[in-house]
Amino acid sequence: MTLLARSDACALIRNGMSVGVGGFGLDRKPMTLIDGVIEGGVRDLNLLVYAGGLDVERLVSANAVQRIAFSHVGLDQFGLAPAFRKAREAARIEAEEWSEWSMLVAWRAAAERVSFATVALDPATELFRVNPCLGRLRCPFTGGEATVVKAPKVDVALLHAEAAHPDGWVINAGDEYADGLLARAAALTVVCAERLIDDGELEKRWREVQIIDSVVDHVVHAPGGANPGSCLPLYGVNSAAVVAYLAQVRS
Amino acid sequence: MISQGDLLACTIARWAATLPRMTTFAASAAALAGLRAAQELRGARVRLWGHGGAYDPRGEVALFERAGLFNCAPRARLDLPAVLGCVSRGTRLLATPAQVDGAAQANLSVIGGDWGAPKVALGGTRGLPDATEIHFVMPLHASRALVSRVDFVSTAASNRAVPPWLFTELGVLHWCSQRQGWRLLERHAGVAVEQIRERTGFPVLVDGDVPESPPIDEEWLQAVERVDPRRVRELDFVTGPQARLERLAQIEAAEHAAVERLVME
C-alpha cells in the first residue's frame, strides 16, 4: 500500500490492460487519472464501466480503447455521449453491452474469484445474442434453465473518492455505486482522493468507510480530481465545461 | 394554462397513487414529478432512489443539485447495488426508451444498421431487462418512437407479471395480455382516437368510445408544482440540442439559487 504521485499511478496502466473505471455517469469519475493515462499514450484498453460518462468520452477520443464493456454510457442530463456514439457507429471500438444487474453480478463473480455466476435476466433480451459473456445453463438442482454471466478479468480499477486514508481506507458521503465491487474484482486498485485523512478522522468516520484497505493498493491525492464531473455532495458537474465539450464535438 | 409537463406528471401521479410498495425508478422528470406528487398527496408507497445513497428521499425534482434539493429526509442510506440487490422484492421502472413497439418490447441500445456498427448508437440497455415491472413514459407521442418493431430488444415488458402501462402526451395505453396489444384507455382532452392512431407505429386496440382523461384536478396540479417548482418536467418536451442546453442552463441557475436560499434560511 503506497501513496503515489499521479504520474506514477498512471504509469501502472499499460497497453492492452483491462481497466475498470468507477463512478456513475458524470459523478465521481477519476478524471485526473484518466487524463494521465491518455498523456501516457496508452492504447488498446479493454475498458469496463458500469455507467460511463466523460471518462469514456476522453479515452475513446484519444483512441485508447479497443473494447468497452458497459451497461450505459451517457452524459446524464446533457444527453448521449458523442465520442462513444461515433466510435460505436463506425465500429472503431468493440462493444460488450450488459444490463445493470447482470454486470454487477459478473463483477461480483470476479470479486469472488469464480468464473461465472447466475443471474435473473429477462429471457427475451437480445443481449444474449450480442454479448458472449451471457449464457444459459441447466441448473443441477432444479433441472430448469439458468442464466449465467462470465466473470471479467480486471487488471486495474481506477476509482475516485471523497477522502482516503493513506493506508487505503476509502470514504464517500455519496453513493458507493459499484466502486467497492470493482475494487474487490481488480488485481490492482488505485483510488484518487479529494482529501487525505489521518488516523484521528478515520476513527471518527469509520462508519462511512465504503472500501477497506485490503483491496486498495495505491492512493493518489488529487483535489478536484473528478472535475469536470461531480464529486457529490462535495461539488457538482462543471456544466460550462460539458457544454463547451459538446460544442467542440459538434463543430 | 395546463402545460404538457403538468398533464403528463398529473396523469402519472393519479396512476401511481395506489401502486403497491416497491422501489421505483423514473427516467424522466415528468415521471419523477408525478411519483413525488403521488407520495405527497396520497401517500403512494413508491420508494425512490436518490442517486447519492439516499433511499426514499422526499425532496424536489432536481438535475444539478440533487444532493441539496432532492435527497431530503431520506428513510435510509442504501447504495445502488444494494437497491438493485433487492431482487426478491423487485424493482419498478418508469422507462423512457428510444423505441417501444407493438409487442411491448423496448430498445435503448441501437437504431438501425448492424448492432456492431449501428446507424445510431444509444447509451445502452441499462436496467431494462432487470426490472420486475416496466412501464413506459414516452412524452412525445410519435411513430418514430412508438414503432411496429424495435430495432433491438432490450427487454420485453409483456413477459412481466404486471402488464405495462404507456403514458404519452396524447393519452394512456395499457398492455392487454389476452389480445397481445396496446389498448387505448384514455385520450387527453381534445385528442381524437384517429390522431393517436396516426402518430403510433403499431395498431392500437380501441374498444368502443374511448373516454377523455378526467380534468386535471387543482389539487394534483398544486402537488406537482410543489415537488417540481422549477418545472423540470417541461424538459421532457424540449426538442433540439441547443434548446435543451438553454433550458438546462435555466434549470441549473434556478437550482443554485434555491440551494443558496436554503443555506440562508
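All chains are named by letter (A, B, ...) in the order of the sequence lines, taking the proteins before the strands, and each is independently numbered beginning at 1.
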Short side-chain donor-acceptor distance under 3.5 Å, B:His256 and B:Glu65 | yes
For the candidates A:Ser239, A:Gly180, A:Ser102, A:Pro123, which exhibits the highest count of non-hydrogen atom pairs separated by less than 4.5 Å from chain B?
-> A:Ser239
Select one option (side chain, backbone, both, neither) describing which atoms of A:Ala173 are under 4.5 Å from chain B's heavy atoms.
-> backbone
Check the angle between the aromatic planes of A:Tyr177 and A:Phe24 and answer parallel, tilted or perpendicular using the 30° and 60° thresholds.
-> parallel
Considering only heavy atoms, which portion of A:Leu127 lies under 4.5 Å from any heavy atom of chain B: side chain, backbone, both, or neither?
-> both
Assert top hit (heavy-atom pairs under 4.5 Å, partner chain B, pool A:Ala81, A:Ser71, A:Ala91, A:Ala51) equals A:Ser71
Would a distance-only check, ignoring hydrogens and angles, find a side-chain to backbone donor-acceptor pair under 3.5 Å from B:Asp101 to B:Phe202?
-> no
Do A:Phe84 and A:Phe70 have ring centres separated by under 6.0 Å?
-> yes
Against chain A, label B:Ala67 side chain, backbone, both or neither, depending on which of its atoms sit under 4.5 Å from a heavy atom there.
-> side chain
So which part of A:Tyr50 gets closer than 4.5 Å to some heavy atom of chain B, the side chain, the backbone, both or neither?
-> side chain
Ionic contact status for A:Lys29 with A:Glu57, cut-off 4.0 Å | no
A:Phe116 atom CZ, over 12 foreign heavy atoms within 6.0 Å = no
Sort out for me which of B:Val87, B:Asp130, B:Leu245 touches chain A most, counting heavy-atom pairs under 4.5 Å.
-> B:Asp130
Do the two ring centres, one from B:Trp182 and one from B:Trp175, sit under 6.0 Å apart?
-> yes
Between A:Glu201 and A:Arg195, is there a salt bridge with N-O shorter than 4.0 Å?
-> yes
Side chain, backbone, both or neither: which part of A:Val243 has an atom under 4.5 Å from a heavy atom of chain B?
-> side chain
Heavy-atom pairs under 4.5 Å with chain A are the metric here; pick the option from B:Pro118, B:Gly124, B:Gly127 that has the most.
-> B:Pro118
Using a cut-off of under 4.5 Å on heavy-atom pairs, state which of A:Gly79, A:Ser99, A:Gly25 scores highest against chain B.
-> A:Ser99
Relative to chain A, which segment of B:Val83 carries a heavy atom at a distance below 4.5 Å: side chain, backbone, both, or neither?
-> neither
Among B:Gly53, B:Gly123, B:Ala117, which residue forms the greatest number of heavy-atom pairs with chain A at distances under 4.5 Å?
-> B:Gly123
Among B:Arg92, B:His135, B:Glu133, the one residue meeting side-chain hydrogen bond (donor to acceptor under 3.5 Å, both in side chains) with B:Thr24 = B:Arg92
With A:Asp76, which residues qualify under side chain to side chain contact (heavy atoms under 4.5 Å, CB included), at least two apart?
-> A:Leu26
Proximity breakdown for A:Leu246 and chain B, heavy-atom pairs closer than 4.5 Å | side chain
Using non-hydrogen atoms and a 4.5 Å limit, figure out which bit of A:Leu80 sits close to chain B: side chain, backbone, both or neither.
-> side chain
Most contact-rich option vs chain B, by heavy-atom pairs under 4.5 angstrom, among A:Glu176, A:Arg108, A:Glu97, A:Met103, is A:Glu97
Measuring heavy-atom distances to chain A, does B:Arg126 have an atom under 4.5 Å in its side chain, in its backbone, in both, or in neither?
-> both
Do B:Ser109 and B:Trp115 have side-chain N/O donor and acceptor atoms under 3.5 Å apart?
-> yes
Side chain from CB out, backbone as N, CA, C, O: work out which of these in B:Gln105 comes under 4.5 Å of a heavy atom of chain A, or both, or neither.
-> neither
Under 6.0 Å from the CZ atom of A:Arg207, do we count more than 12 heavy atoms belonging to anything else shown?
-> no
Looking at A:Leu232, A:Val130, A:Val237, which has the largest count of heavy-atom pairs under 4.5 Å with chain B?
-> A:Val130
For B:Leu84, is it the side chain, the backbone, both or neither that has a heavy atom under 4.5 Å from a heavy atom of chain A?
-> both
Output the option from A:Arg250, A:Gln210, A:Glu89, A:Lys86 having the highest count of non-hydrogen pairs under 4.5 Å with chain B.
-> A:Glu89
Report yes or no: do B:Thr155 and B:Arg160 form a side-chain donor-acceptor pair below 3.5 Å?
-> yes
Chain A contact via B:Leu128 - side chain, backbone, both or neither, heavy atoms under 4.5 Å = neither
Counting only heavy atoms closer than 4.5 Å, note whether A:Arg28 contacts chain B via side chain, backbone, both or neither.
-> neither
